[in-house]
Number of protein chains: 2
Amino acid sequence: MSRQPTGEDAPSGRARPATSADVARAAGVSRATVSHVLNNQVERFSAETVERVRDAALSLGYVRSAAGRALVMGRSDFVVLVLPYTTFTNVQDVIEVLSSEVEKIGLSPVVHFSVPRAQTATSRRLQHMVETLRPAGVVDLGGLSPHDIAFLDEVGCMLVNGEGQGQQQPDYNTAIGDFQARHLRARGYPTLAYGFLSDARDDPYGQMRADAVAAYCAQERLAPPLYLRVPLEQEGARKVLEEALPRTGVPLAVACYNDLVALALADAAKSLGLDVPRDLAVIGVEYAPFGQVITPRLTTIAADVPVSLSHIIQALDEGFGGFRASEIRVGTAEEAFRIVQGETT
Amino acid sequence: MSRQPTGEDAPSGRARPATSADVARAAGVSRATVSHVLNNQVERFSAETVERVRDAALSLGYVRSAAGRALVMGRSDFVVLVLPYTTFTNVQDVIEVLSSEVEKIGLSPVVHFSVPRAQTATSRRLQHMVETLRPAGVVDLGGLSPHDIAFLDEVGCMLVNGEGQGQQQPDYNTAIGDFQARHLRARGYPTLAYGFLSDARDDPYGQMRADAVAAYCAQERLAPPLYLRVPLEQEGARKVLEEALPRTGVPLAVACYNDLVALALADAAKSLGLDVPRDLAVIGVEYAPFGQVITPRLTTIAADVPVSLSHIIQALDEGFGGFRASEIRVGTAEEAFRIVQGETT
DNA sequence: TTGTATGCGTTATCAC
DNA sequence: GTGATAACGCATACAA
């Protein structure tokens, strides 16, 4: 009886947060009852009791202690969202969408960024996070190394990555490369190339997309695409293009890893006296704002964030109860991505 | 005695994590001793005991349970980093630097993004996070509303925002505006303007920087800067510029909120037949990659991430022990930012 | 220098 | 239908 819950009626601070015991007292029931009611196991209680408990909880501003709960459950209600370093403009939208999904299943999202430049440090950090937070699950958006994944398995932490059970997961990266190649071909370009970031550490998806472009070329009996490794500075980009052109001739059409690569190549082309899109065509991925405020405007691929995440959302739901299984449909690549026609193709 | 710590010697998974009791048993001491040693209260123990405990902990892979610890301490070892929606390219660097600082004080960083488009949802999420995680502190990088801040105070959660105690905090936004204005003046432009994002929700710092530009103009007895609200699409940007020019004449020099605004204006100028930088000069802020792979290359302001965060790092240290106070120096604006001379001024 | 006892807030089990 | 009680893993005041 040493500390009152709402004791010194609030000089605007420091009040000890209400506990389930406080709620129990206020509602005139036991702590066990409070626990049951607040976990929605209401079937066996009188409607009146349920309401009294809920009212009391509400008016006391009671919030279940994650600590107490985690202690007794063995794991917390948190879900870690692991994001790759890749700096796509809409990371925040991705986070937003996934966060709200996590909340729908009654869990709490927590964000974690991978830092490929310091792989071991990142792994250590994630490891520490998992060990101390003991999250209900980890959602992988591409930042996890095989080592990390093995670790999660070892400690028995659930991994959600959209490669879940049944449903073949849509391979969006392949779809993206394929879309780019098809678009360039449809615009009449006979010779394709793929533009990587020169720094592979920043380019987690590039190879898959390039493979898709290569596959398309093979299928269409076109020459296999030349691979360009484009540095993000003018002179380097120009040099790469300068060396490529004699081997491909013009017009050359480049499917680029992202809008930045596309921009660098377009600029390099202009500095070499080439015309875009006549001599060099580029298509990016991202629909970054900068690509839409330049001349020529970038042709690119835009993602519908919620749809492109639907396989993860589905895996998430499957992993935790699957209550919403029926409402969730995994979007096709056609629904998830669309070509934004600019002036560079 | 029902469950062995390393019981069924690892069929590669599911082993119950070691507890302090396991460590105590292995080291032949009591749980209290383990607790003390592992919290670095080693003064009162024999070197041999300390070592035995540490060895045991290490070989068992023991990790303090955040749950148990948080339960008894009243708060967890987590620190929430609250980031504004602003999509500066180097958010991830910022996160990286602050994360490692947080770790140096022995706490664990967790990231939270504000979403101004859904202010109430964001606040609710942060609120929930604070209530359930009961973090040791919250670091505000500009995403918190006054309402959020009041809430933190109410629940007695420590707020770190660099506006801490002594040390006047460097007003970096004012410095940035000032730098831009000085630079433009030094390059010989007589007429200045300020380029906002047209969508103010995405522009948390704009007003402070514009004020700095205005102050500089006043001080230098220049005409007060015209305010441009630049939409991020070509036609809108062109219109804004088109309407501004008759009121300012050429050459006009615009200090921009970020590189994107600068790019949009430069492109608009070209589409109006103006020469950059002769008729229109722009300077951005961010040193975004895209600004360096276009022609003309953007003049901009680059931040030294660690230095520009030094006031927060200091506040962090002050808030939690202050063990490193002597090593930490808050950087001046001159150290934190530098002009990157491109071809647009 | 070390051990004992207690409490933190929650949930599960079982008795009523 | 409801309540008492025993864990969960840790930190700490206090006893030895």
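Reminder, nothing fancy here: chain letters follow the sequence lines and each chain counts from 1. Values in this document were obtained by computation on a predicted structure and should not be read as measured data. As a basis for the values below, the full set of heavy atoms in this structure was taken, side chains included, without hydrogen atoms, waters or symmetry mates.
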Before giving the answer on side-chain hydrogen bond (donor to acceptor under 3.5 Å, both in side chains), spell out for Ser123(B) and Thr120(B) the whole-Å C-alpha distance, their side-chain angles and the decisive distance to 0.1 Å. CA-CA 5 Å; Ser123(B) 288; Thr120(B) 62; over 6 Å; no
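- Of the residues in residues 70-77 of chain B, those lying under 4.0 Å from DNA chain D by heavy-atom distance are Val72(B), Met73(B).
- Asp317(B) contributes no side-chain N or O that, together with a main-chain N or O of Ile313(B), makes up a donor-acceptor pair within less than 3.5 Å.
- Using a cutoff of 4.0 Å between basic side-chain nitrogens and carboxylate oxygens, Glu131(A) and Arg64(B) are not scored as salt-bridged.
- The CG-C1' distance, from Asp22(B) to dC8(D), rounds to 13 Å in whole Å.
- Listed pair Ser20(B) / dC10(D) meets the phosphate criterion, a side-chain N or O lying under 4.0 Å from OP1 or OP2.
- Nearest heavy atoms, Ser99(A) versus Arg125(B): CB-NH1, 3.3 Å.
- Taking NE2 from His311(B) and CZ from Arg329(B), the interatomic distance works out to 14.0 Å, rounded to the nearest 0.5 Å.
- Among the duplex regions that DNA chain C forms, those built from at least three successive Watson-Crick or G-U pairs under 3.5 Å are C:1-16 with D:1-16, ordered by first number.
- In summary, Lys104(B) and Glu101(B) engage in a salt bridge, as defined by a charged side-chain N under 4.0 Å from a carboxylate O.
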Please output the side-chain donor-acceptor pairs of residues 67-83 of chain B that fall under 3.5 Å, not counting sequence neighbours, one pair per line with the distance.
residue  : atom : partner   : partner atom : Å
Arg69(B) : NE   : Asp77(B)  : OD2          : 2.6
Ser76(B) : OG   : Phe78(B)  : N            : 3.3
Ser76(B) : OG   : Leu133(B) : O            : 2.9
Ser76(B) : OG   : Arg134(B) : O            : 3.2

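- Side-chain contact between Asn161(A) and Ile312(A) is absent, with no heavy atoms from C-beta onward closer than 4.5 Å.
- Between the side chains of Thr49(A) and Ser46(A), at least one donor-acceptor pair of N or O atoms lies under 3.5 Å.
- For the atom pair OG of Ser145(B) and CD1 of Ile149(B), the computed distance is 7.0 Å after rounding to the nearest 0.5 Å.
- Counting to the nearest Å, the C1' atom of dA11(D) and the CZ atom of Arg64(B) are 10 Å from each other.
- Sorted by residue number, the list of members of residues 44-59 of chain B with any non-hydrogen atom under 4.0 Å from DNA chain D is empty.
- Ring geometry, Phe45(A) versus His36(A): the interplanar angle falls from 30° to 60°, so the pair is classed tilted.
- Here the C1' atom of nucleotide dT12(D) and the CZ atom of Arg69(B) are 12 Å apart, to the nearest Å.
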N/O donor-acceptor pairs under 3.5 Å from side chains in residues 55-62 of chain A, not counting sequence neighbours:
residue  : atom : partner  : partner atom : Å
Ser59(A) : OG   : Asp55(A) : O            : 3.4
Ser59(A) : OG   : Ala56(A) : O            : 3.2

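- The shortest distance between side-chain heavy atoms of His128(B) and Ser108(A) falls below 4.5 Å.
- For the segment residues 29-39 of chain A, residues with any heavy atom less than 4.0 angstrom from an atom of DNA chain D are, sorted by number, Val29(A), Ser30(A), Arg31(A), Ala32(A), Thr33(A).
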